[in-house]
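Down below is the structure, laid out as structure tokens.
So you know, we letter chains A, B, ... as the sequences are listed, proteins then strands, and number each from 1.
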Amino acid sequence: MNFKRKEGITLIALVITIIVLLILAGVSIATLTGDNGILTRANEAKENTEQASEDELRRLTALEAATNLENQPYTDKNGDTATIPAGFAVSQVEGENTIADGLVIIDKNGNEFVWIPVKVDEAFKTYEGYSNGKLESKLENCEEPYSEGYTTELSEYVAMKNSVLQYDGFYVGRYEAGCEIERNRENQTTTQTVLVKKGINVYNYVPWGTEMDDIGITTNHEDDYNGVTGAVELSKQFAEENGYTSVTSTLIYGVEWDAIMNFIDSNYATGSCEADSFVRDSTGSGVYTGNLAKTGSNKQYSIKNIYDLAGNANEWTMESYDTSSRVIRGRSLWNFGY
Amino acid sequence: MTPPLELSEVGRYGTLAIERPASIRDYSYPYRGTELHSFRIALHF
């Protein structure tokens, strides 16, 4: 008889092969993806490398800043101009050296500020903000400078306004005020050094001052608020602490907050911001839940290179709301504000 | 005027489903300084 041998793979062998291939594919996918996957780690390594490179550029800029002893005129690649204060230098990080994108300057201690151009003098005034998609009607209650404020409040406002109009702009802290330690109710009575840097704790538990007309250390209120230096005084001290010779520092004014909003969205001045404008609805562009984030926590929360203008902590301004309260802007972790 | 809330207090009140604009004005007593009170510095020539 002629038995012809049939060659090929059996069904069992085929199934086993497929199973083995599936197992290998599963292992490969697990290795590539997931929190500890190769792709995730490669992405983290890339981000860490970029961050380290940026940090190095900022350190170099800080060294350069220490050698700049006079104000310097600056013209960016678009032909836009600004003045760089003595003791500062322009960031060398890509995307931080044009006025349109948000010109970042750094001092010798690493504090970072962004130039806010004010091109039209007449536009430098306070505007109604948005609430729930509509323009508010709060300005009628507000006043700046507050006529019954502290002794030098009016003269400081006039000096600020004259400077802004003469130099066509001002600088604003790139981050919310910060400090090295985490402030809480137990240790907030100590005055910490104020820093304007990325990745540090927000300088919180800070009052505006003692009263509407007193920016001294709080002394006569609830125990929790006693013995604390307020935001106005801390802001004024900042320039001297950092050895600035050509600029003064103040708590941000309401008119300056609105100038920033105008810089971000030119429709703000006419009250015609689109529904998805950062100025009108910043949902998704700030920390609105969870815990207080560190300064500059997420690139998504920056606009014009300025971080956390929306969400995270409330930010005091010089504007008065009525005869017993001052305006806070930017809203906080929670929708209520306050 | 409603005083500022502490984070620990917020849970009691929940959150409101409203938009969150960067331009909105809120207000607080000048001596009030909670976990959510901070500030931002400006520089002038």
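- Of all heavy-atom pairs between B:Ala22 and A:Ala310, the closest is CB-CB, 4.0 Å.
- The CG atom of B:Asp26 lies 7.5 Å from the CD atom of A:Glu136; values are rounded to the nearest 0.5 Å.
- For residues 160-170 of chain A, there are no side chain to side chain donor-acceptor pair (under 3.5 Å) pairs, not counting sequence neighbours.
- Atom-to-atom distance recorded for B:Ile41:CD1 and A:Leu234:CG is 8.0 Å, nearest 0.5 angstrom.
- For chain B, the nearby parts of A:Met212 are the backbone and the side chain; heavy atoms of each come within less than 4.5 Å.
- Annotation: the span from A:Tyr127 atom OH to B:Ser23 atom OG amounts to 13.0 Å, rounded to 0.5 Å.
- With a threshold of 4.5 angstrom between heavy atoms, A:Cys142 approaches chain B through side-chain atoms but not through N, CA, C or O.
- In this structure, the side chains of B:Leu43 and A:Ser249 come closer than 4.5 Å at one or more pairs of heavy atoms.
- Under the side-chain contact (heavy atoms from CB on, under 4.5 Å) rule, B:Arg40 has a single partner from A:Leu251, A:Leu309, A:Val196, A:Thr317, which is A:Leu309.
- The OH atom of A:Tyr205 sits 11.5 Å away from atom NE2 of B:His37, with the distance rounded to the nearest 0.5 Å.
- Inter-residue side-chain proximity for A:Glu176 and B:Phe39 is flagged as unmet; no heavy-atom pair is nearer than 4.5 Å.
- Rounding to the nearest 0.5 Å places OH of A:Tyr244 at 12.0 Å from CZ of B:Phe45.
- A:Val172 touches chain B through backbone and side chain together, each having a heavy atom under 4.5 Å away.
- The side chain to side chain donor-acceptor pair (under 3.5 Å) search around B:Arg25 returns A:Asp258, A:Glu319, not counting sequence neighbours.
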